[in-house]
Amino acid sequence: MNYKELADLIFPDAKEISYYEEKYPRRNLPEGAVVIRVAPSPTGNVHIGTIFQAMVNRKVASQTGGVFYVRIEDTDQKREIEGGITQIIQSLKDFDIEADEGMINETESKGEYGPYRQSLRKDIYQAYAKYMIELGKAYPCFATPEELEEIRAKQEAAKVRTGYYGVWAKYRNLSLEEMAEKIKAGVPYIVRFKSNGREDKKIKHKDIIKGNVEFPENDQDIVIIKSDGLPTYHFAHIVDDHLMGTTVVTRGDEWLSSVPLHLQLFQEIGFKAPRYAHTPTLLKNDNGNKRKISKRKDPEAAASYYQEQGIPSLAVKEYLMNIANSSFENWRRQNKDASIDDFDFQLNKMSVSGALFDMVKLNDVSKIVVSRYTAQEVYDESMKWAEKYDNELVEMLSNKEYSLKVLGIERGNVKPRKDIAKWSDVKDNIIYMYDDKFLNSEQEYPYQTINEKQEINKILDLYIEKYYNENDDKQTWFDKIKELSGELGYAKEVKEFKANPDMYKAHVGDVSTVLRVALTGRTNTPDMYEIMQVLGKDSIIKRFEKAKN
RNA sequence: GGCCCCUUGGUCAAGCGGUUAAGACAUCGCCCUUUCACGGCGGAGACAUGGGUUCGAUUCCCGUAGGGGUCACCA
């Protein structure tokens, strides 16, 4: 019995690896082109960290003329959920991130290096596992869960490292004949890597983000093929990233400690290892402690949360880009209207340690992003959001021509208003502009300094009768409010009032506030001139009448 | 517990042996202004800690503390 015969016994149907090596030739790309991927598991709610990862990868690939692809890591059937792939694809689409290759829906993919779904690559992994056995670098292991538990218990009692390694690897040194015998007898087994690493020796690695790190060599005989015939992450990583030609692996830094294993695997199987970039984790503050944003506990961990809240995906991307490369913020200030795609992202400039996800800052970024949008864009995005989450807003927006005017108030100025951070803010921001909402509802009038009914009515009446003209330009319009103020015994200028408070009842600002409140039911609104222009004379008169009653 | 990574204001962060230790968000005050927002000006606020090395450490080395990760037939 030799290794080859053992390998044939275990994987009688597996192809030679040369078949796959030829089927998936090395990519022909220009010098410096980076092939990079995001490899999520279809386990439900897509994590915002996956989006972070994908965004960064997309940039790296684009900037270097490389390839960005999506690979689905579904080798753990227990955790898989139905429609998981669709969710991932949808989330990427929501954030406007397009892959060059990979899954495009639950079953289909694009690109020449597929399947891009690991559960469909079983034959491939088995061929390479067989190859490992032929090389004498992998072997069948017959340990039952109970035996493994027993080994662990002994190790803990002896206060030594736990795991399946060295003298503890009880099936590692079975003779080939013994192995074959058990297999023929139908004893269940899995396939393990036969590690020649030594725990007392160090391995150095230069990570693109973390820099130089040093670890003990791996000496664990880790499982490469599970009892269901599918590979573990470690083995799938080696085979897939080799075959798919990945040049840079970005992944969360929880993987950093398995770098020695992966490097060892690449070396033992004889493939060139990719470079690694371990990205920092997104954290959140939990009672004074930092911790990883968790899918289970934190709604904001889900990529879909941002859609639901109506936070523009561009805002989320700008915020994340800021975390990725802090120079982004400066660049953005200098290139206010440039596309985020033009920013020169540097993987190696990424922060080494995890950042607390700051919703307040996101909100600020979002306000700026939205302030750059045209009325039409705000309209389209709000409508898209409202169609899923807010019927009343849909109803309001369905009056498109009018809504565009409303959303256009103080938009496009040099210093645009920044009062919308989320699409869910829009309704409250504009609802008072709609007559059918405003006139037909019970209305609060939070008058301020001037608050006597009689006086208010006098102001409203006189304004309409004598001063209001819808064709006035802004200056004339405001001059008239000053005139109105003067006629009724209010100071025409605030400064004048402040200098001589006893000579006047109040000042022009207070009069304006009366008009504003009567018109909108609010003390805080955008520019009143523009509001009145949009409202038009009929509406203004109706609103004043309502206020008087 | 073993191994590994990290530690600059409340938060995100520049900084690579000599700086008055940037900037952004948040916060406070003032100004602009018919309100709010925007904008402008200004304030408060930081190098976890103890040892080295050095003429000089936020920056380099070691220890300590704190935080995080990882030790599966999960990824």
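Relative to the side chain of A/T162, the nucleotides B/A37, B/C71, B/C74 differ in distance, and B/C71 lies closest. The nucleotide whose nearest atom lies closest to any side-chain atom of A/E329 is, among B/C36, B/C25, B/G23, B/G23. Nearest nucleotide to the side chain of A/K361, out of B/G23, B/C25, B/A75: B/C25. Of all nucleotides listed (B/U34, B/U35, B/C38), B/C38 comes nearest to the side chain of A/K415. For A/K495, the listed nucleotide lying nearest its side chain is B/C32; candidates were B/U34, B/C4, B/C32. Distance from the side chain of A/L256 is smallest for B/C5 among the nucleotides B/C73, B/C25, B/C5. Checking B/G39, B/C73, B/A75 against every side-chain atom of A/D76, the shortest atom distance belongs to B/A75. Among the nucleotides B/A75, B/U7, B/A24, the one closest to the side chain of A/S353 is B/U7. The nucleotide whose nearest atom lies closest to any side-chain atom of A/S227 is, among B/G39, B/C73, B/C25, B/C73. The side chain of A/S257 approaches B/U70 more closely than any other nucleotide in the set B/U35, B/U70, B/A72.
For A/S326, a side-chain nitrogen or oxygen approaches OP1 or OP2 of B/A14 to under 4.0 Å. The side chain of A/S351 places an N or O atom within less than 4.0 Å of a non-bridging phosphate oxygen (OP1 or OP2) of B/A13. For A/R291, no side-chain nitrogen or oxygen approaches OP1 or OP2 of B/G68 to under 4.0 Å. Taking side-chain N and O atoms only, A/K210 has no distance below 4.0 Å to OP1 or OP2 of B/C4. For B/C73, neither phosphate oxygen OP1 nor OP2 lies less than 4.0 angstrom from any side-chain nitrogen or oxygen of A/K78. Contact between the side-chain N/O atoms of A/K226 and the OP1/OP2 oxygens of B/C74 is found at a separation under 4.0 Å.
The distance between atom CG of A/D219 and atom P of B/G2, rounded to the nearest whole Å, is 17 Å. Separating the CE atom of A/M321 from the P atom of B/C25 is a distance of 20 Å, rounded to the nearest angstrom. One can place CD1 of A/I481 at 14 Å from C1' of B/U33, the figure rounded to the nearest angstrom. The nearest whole Å value for the distance from the CG atom in A/N363 to the C1' atom in B/A37 is 14 Å. Protein atom CE of A/M359 is 17 Å distant from nucleotide atom P of B/U11, rounded to whole Å. Going from atom CD of A/E410 over to atom P of B/U35 covers 13 Å, rounded to whole Å. In this structure, the CH2 atom of A/W255 is 19 Å from the P atom of B/C5, given to the nearest Å. Distance, A/E214 CD to B/C3 P: 13 Å, rounded to whole Å.
A/E214 and A/N212 share no side-chain donor-acceptor pair at under 3.5 Å. A/D473 and A/T476 form a side-chain donor-acceptor contact under 3.5 Å, judged by distance and modelled atom types alone.
In this structure, the ring of A/Y128 has its center no less than 6.0 angstrom from the ring center of A/F235.
Counting atom types as modelled, A/R516 pairs a side-chain N or O with a base atom of B/U34 as donor and acceptor under 3.5 Å. Side-chain N/O atoms of A/R161 and base N/O atoms of B/C3 include no donor-acceptor pair closer than 3.5 Å.
Under the salt bridge (Lys or Arg N to Asp or Glu O under 4.0 Å) test applied with A/D527, the options A/K474, A/R417, A/R411, A/K415 reduce to a single match, A/K474.
Comparing the P positions of B/U27 and B/U64 gives a spacing of 41 Å, expressed to the nearest Å. Remark: the separation of the P atoms in B/G66 and B/A48 is 16 Å, to the nearest Å. When the C1' atom is used for both B/U11 and B/A26, the distance is 8 Å, rounded to whole Å. Distance check on atom C1': B/U54 versus B/C61 gives 12 Å, rounded to whole Å. Rounded to whole Å, the separation between the C1' atoms of B/A57 and B/G50 comes to 15 Å. The separation of B/G43 from B/G69, taken at their C1' atoms, amounts to 40 Å, rounded to a whole angstrom.
For the pair A/K466 and A/E483, the salt-bridge criterion is not met [side-chain N within less than 4.0 Å of a carboxylate O]. Salt-bridge formation is not detected for the pair A/E217/A/R198: no Lys NZ or Arg NE/NH1/NH2 atom is positioned less than 4.0 Å from an Asp or Glu carboxylate oxygen.
Judged by closest nucleotide on RNA chain B, A/K474 is the one of A/S41 and A/K474 placed further toward the 5' end. With RNA chain B read from its 5' end, the first of the two nearest nucleotides for A/V414 and A/Y529 is the one closest to A/Y529.
In this structure, A/F478 counts as stacked on the base of B/U34 under the 5.5 Å centre distance and 30° plane angle limits.
Within 4.0 Å of A/T75, counting heavy atoms only, lie sugar-phosphate atoms of the nucleic acid but no base atom.
Between the CD1 atom in A/I481 and the OH atom in A/Y467 there is a gap of 11.5 Å [rounded to 0.5 Å].
Using the six-membered ring where Trp is involved, A/F497 and A/Y504 have ring planes that are tilted, between 30° and 60° apart.
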